[in-house]
Amino acid sequence: MTLPVLKQIIEAALIAAGDPLTLERLLTLFTEDERPERADLLAAISELETDYQTRGIELVEVAGGFRVQVRTSVAPWVARLWDERAPRYSRALLETLSLIAYRQPITRGEIEEIRGVAVSTSIIKTLTEREWVRVVGHRDVPGRPALYATTRTFLDYFGLRSLNDLPPLAAIRDPNHVLEESLVRQTASAMMTNQENNDEPRIKHH
Amino acid sequence: MTLPVLKQIIEAALIAAGDPLTLERLLTLFTEDERPERADLLAAISELETDYQTRGIELVEVAGGFRVQVRTSVAPWVARLWDERAPRYSRALLETLSLIAYRQPITRGEIEEIRGVAVSTSIIKTLTEREWVRVVGHRDVPGRPALYATTRTFLDYFGLRSLNDLPPLAAIRDPNHVLEESLVRQTASAMMTNQENNDEPRIKHH
Amino acid sequence: MPGQTTMLEHAETSAGAMLLDATLTGVLPQEPLAMVQGEPLLKLPLDLYIPPDALEVFLDAFEGPLDLLLYLIRRQNLDILDISIAEITTQYMDYVDLMTELRLELAAEYLLMAAMLAEIKSRMLLPRSHETGEDEEGDLRAELIRRLQDYERFRQAAQDLDDLPRLERDVFTVHAAIPPGHSQRIPPDVDLRELLLALQGVLARADLFTHHRVERESLSLRERMSQVMAQLQGGGFLGFTDLFLLEEGRSGAVVTFLALLELIKSSILELVQTEPFAPIHVRLRESPQASDDLARAETDH
């Protein structure tokens, strides 16, 4: 068997897989003596990305690797192929998911404290079943409540490469700055950005 | 929404569908006022066929219509993606399948109501792709949700002559009931009566 | 904050929020309620009876007391930092009282918030002789504001997350097949026992909620329902009697008949008879458009 053009193999693999493929996974398609350099692989991927600019598909990078997907501009037509509508998620579920995404690792109790209402078991169950969220440990307090974090599947589903790609959280304004506005406008804004940075998700995904 | 280039829509639909699509099916992706002429559709398909000559995929016409598939020359490499055995099905998928078997015809919403959790599109897709489940109609309520039922393939896979060979719900529901026993009995009786299944309803499947 | 307008819109468009305006003030914003003898009806009669289930819809429109408070604040175009606790407390209590009056069960969270608001308000009314008391009042207010702000940013984050393009809804993956003759993906094996255990599990859970009880029905009936629907897939009519097969005997006919009744009851099938004693036809129920065609076809007949 003569080795076909590298780009053709990579393209076919990405289009057949559906799910994202990492560079490592792509390398396993070749026997040792056929195996390309990572640089060549990356070059082929980048060429494909350019090739697709006029096509109905696009190549994107998400947390789980590289993925070929239907170009967003034609997606509404392609969606008509399928009968079912995409599931809609309640505000309660999305708020819970956001809290887990931005504040992970977080317990159910902590989510309830911020939302001011109980989090239903079925929400946690849906999030876990979809593999968007999983238990990463337990907080060492009485009851040892489970700590939840988001998964790579979550990032892939929402087309994100990492938690850093999440839309930024709105800044918290210091309530005192209304009273002492003239005094501390400068410092207050400095504090705000500071606080914002602290809220950034801090878990690294591989 | 402005209509993207026809070729892009057709390409994306063929690549996303996986299964062959007929010209008629492709035409259903367009609303009446957007709908292209059959000649334009065929021209777009033929252009794609030419475009693909240097690519890792190819466009072929099979009995069921047009299909984009991995180019034969690169297939040996791409096939290595599935060298490892597929992971087991999730509990969510098995629960969904069992509810479709016992409560057919049933909508996705009804499954969700019983399970108390959202059912993901990918579960329905996996079950449909495996041809264990199919849409047999739509409930005449707002949104016209699809009604799912099990197939002949499902019965064959599980070695059932008909759904009647499944243990009755009452038996499954009873926590004291030993599942093993009833299963052995059911399968044994199914095998015995297999030859003289005269009283079995014989409505044809399509 | 960029999100404020959208959140306001969100609250305004929800049925519950509109209803709140109506119940608290008796007036609905701009949109006429209805046209009565050519005149737009803008005011709701104050003594209008509000069905309790409408208020339940209203309750459902909010994700808890913080969400409701944010709505009340935004409705007055106030900044969270500028809110008057007295004002907000009064409005919140109006709402809670209304629910209590209608004997609707209010979630504990709503009552807890009511108690907290009342606490802040009462401290404000006390003579501020002690400096400590003043601080406590300030602390409670600051704490409430902090919670409102914190909740608001995650409410916004949830909406931003929902706006991201996501799989199944906006983004679709691709699945080119492998040409025949090459090893294919091997789907996992499933044992019938696994399937039944899964069902046992889901039934045990469903039985916790009595209204989700799965009724017992014979499986041959379910199977026949699917078969009948498969026969009607083309969208055309089938003769009622054609669905019965002689060789199935009496028991087969009974199953088919029950299946037809069940399908008609569930709005899946319809029976059509153009005139008395004419043959009955069966078909899948279609969209209203198709029913119109049918009606036309019948009159033509």
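A note on names: the letters A, B, ... follow the listed sequences, proteins ahead of strands, and every chain is numbered from 1. Predicted model only: the values in this text are computed from it and were never measured.
Counting non-hydrogen atoms of neighbouring residues, nucleotides and ligands closer than 6.0 angstrom, the CZ atom of B/R88 reaches no more than 12 such neighbours.
With a 4.5 Å cut-off on non-hydrogen atoms, A/L29 touches chain B through its backbone and its side chain both. For A/Y52, the part lying under 4.5 angstrom from a heavy atom of chain B is the side chain only. Both the backbone and the side chain of B/I57 come within less than 4.5 Å of a heavy atom of chain A. Both the backbone and the side chain of B/T31 come within contact range of chain A, with heavy atoms under 4.5 Å apart. In this structure, chain A has no heavy atom under 4.5 Å from any part of B/L14. With a threshold of 4.5 angstrom between heavy atoms, B/R25 approaches chain A through side-chain atoms but not through N, CA, C or O.
Contact count versus chain B (heavy atoms, under 4.5 Å) is highest, among A/I123, A/V74, A/L93, for A/V74. Of the residues considered (B/R71, B/K7, B/H138, B/Q69), B/H138 shows the highest number of contacts with chain A, using heavy-atom pairs under 4.5 Å. Ranked by heavy-atom pairs shorter than 4.5 Å toward chain A, the options B/T28, B/D51, B/I10 are led by B/D51.
In summary, the side chains of B/R130 and B/T153 do not present any donor paired with an acceptor at a separation below 3.5 Å, with no hydrogens or angles considered. For the residue pair A/T121/A/R108, the side-chain donor-acceptor check at 3.5 Å is satisfied. Counted by atom type alone, B/S120 and A/E129 present zero donor-acceptor pairs between their side chains at under 3.5 Å.
In this structure, the side chain of B/T150 does not engage the main chain of B/A101 through any donor-acceptor pair within 3.5 Å. In terms of modelled atom types and a separation under 3.5 Å, the side chain of A/T126 and the main chain of A/S122 share a donor-acceptor contact.
Ionic pairing of B/E11 and B/R55 is not present here: no N-O contact between side-chain nitrogen and carboxylate oxygen is shorter than 4.0 angstrom.
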